[in-house]
Amino acid sequence: MPDNPNDILFERARAVIPGGVNSPVRAFRAVGGTPRFVQRAQGAYFWDAAGQRYIDYIGSWGPMILGHGHPAVVEAVQRAVIDGFSFGAPTEREIELAEAILALLPSMEMIRLVSSGTEAAMSALRLARGATGRKYIIKFEGCYHGHADALLVKAGSGLATFGNPTSAGVPPEVVQHTLVLEYNNLAQLEEAFTLHGQEIAGLMIEAIAGNMNFVRASAAFAKRCRELCTQHGALLIFDEVMTGFRVGLHGAQGVLDVRPDLTVLGKVIGGGMPLAAFGGPRAIMEQLAPLGPVYQAGTLSGNPVATACGLATLKEIAKPGFYESLAAKTRSLVDGLKSAAAAEGQPFSADSEGGMFGFFLLNELPQNYATVMTTDGASFNRLFHGLLDRGVYIAPALYEAGFVSAAHCDDDIAATIEAARQIFRKS
Ligand code: HOZ
């Protein structure tokens, strides 16, 4: 009989929930051991069922950019809850959130709110096909766009962890129009458009990929994606579920200075509540029901509590200097880890943008999924568990990006670097 509360909860969970978790990567299958069951969180920390505190570099996989329990957000949510949880009818707050997002992402003229990143990506894909009257879609190996059937083709997140290039339950016919190309491979990109240009409805990309750890599309690659889509009448779709309002106030499209046709958002726009969105030019968005023939709907879409949480979060992050300070903090973490690794002779490379970062136990930053996959899993697992034992919580899989919040302080960063140094020294 286990006596650690996390073990006890995991055993109970496994009896009633497949794998004991409601999203696969949380199960620690890649790294081994027992998932930490979170009891509460505040600022940059959460506490597990055993009362152990962790510096949290996941932040709910990105949304908690202000840290946990930011007072202004908590207050906004509390006020919204009193007025009602869900109406299934429109509210003024949905308009406010739509206006706030559109003001910051000029590539979009209209936006539709949904409940999850998966739903947003799936809907954007349908819209691209409906608006162009074409079937083919391009995606890149290592980019993950949620678990819609047509996009579960060699996806690089939880699926990669389990070694399944595609999911059971997805008939081959459903993915036969999804072309999967290598990230940052210009020759393959050119070839795909040469072969199928007239049939491609859209190209979906994480322009800074957060589901094969942290890999940037090169400026030349992103630019060529834009040019080829324009030239062939396909829609360029930026999946900014992770990067939107995370790498900067204007997302990856701002960082790369590339204007997509459609943008998929999630995570930060809900501030930790189930809220996501997709948007683009008016002429395309008006193809959606009830105006156009592309169907899309949702009972909880634009939920009043989620929109209150998202709006309060956006208000904070739009304050002057927010991203400068977040980016500097994230850079100091990445630089400190690099120095610690160099001092201990540990192969290491790392990168960051805004409040998102990634590191690899490799000498050079990878440019694609195949190179990410050359990371030695056992070394990553040693680092993961070493950090966990020292109260630092990073993603339990080497394919995931990390996230710093405004609540992380210099001491948290210094403690994290010191913990990593100790582990590198031992290795
Ligand atoms: N899709 C996330 C990994 N990139 C995992 C989400 C979760 O487990 O909450």
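We count ligands from 1, going down the list as the structure has it; atoms in each ligand are counted the same way.
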* Examine Tyr399 together with Tyr144 and report whether their ring centres are nearer than 6.0 Å. => no
* Would you say Ser405's side chain and Ala407's backbone share a donor-acceptor pair under 3.5 angstrom? -> yes
* Asked: Is there a donor-acceptor pair closer than 3.5 Å between any side-chain N or O of Gln253 and the backbone N or O of Pro260?
  -> no
* **ligand 1 atoms in contact with Arg26 (distance to a heavy atom under 4.0 Å)** => 7 (C), 8 (O), 9 (O)
* Asked: Which atoms of ligand 1 are found less than 4.0 Å from any heavy atom of Glu400?
  -> 3 (C), 4 (N)
* Looking only at N/O atoms, are Lys267 and ligand 1 under 3.5 Å apart anywhere? -> no
* Backbone or side chain, does any N or O of Tyr144 fall under 3.5 Å from an N or O of ligand 1? -> no
* Which of these, Val25, Asn211, Thr118, has its nearest heavy atom closest to atom 4 (N) of ligand 1? -> Asn211
Atom pairs and distances, side-chain donor-acceptor, residues 354-367, under 3.5 Å, sequence neighbours left out:
residue, atom, partner, partner atom, Å
Gln367, OE1, Asn184, ND2, 3.4
Gln367, NE2, Leu365, O, 3.4

* Structure fact -> ring pair (Phe, Tyr, Trp, His ring centres under 6.0 Å) pairs touching residues 25-51, sequence neighbours excluded, are Phe28-Phe384, Phe46-Tyr54, Phe46-Tyr393
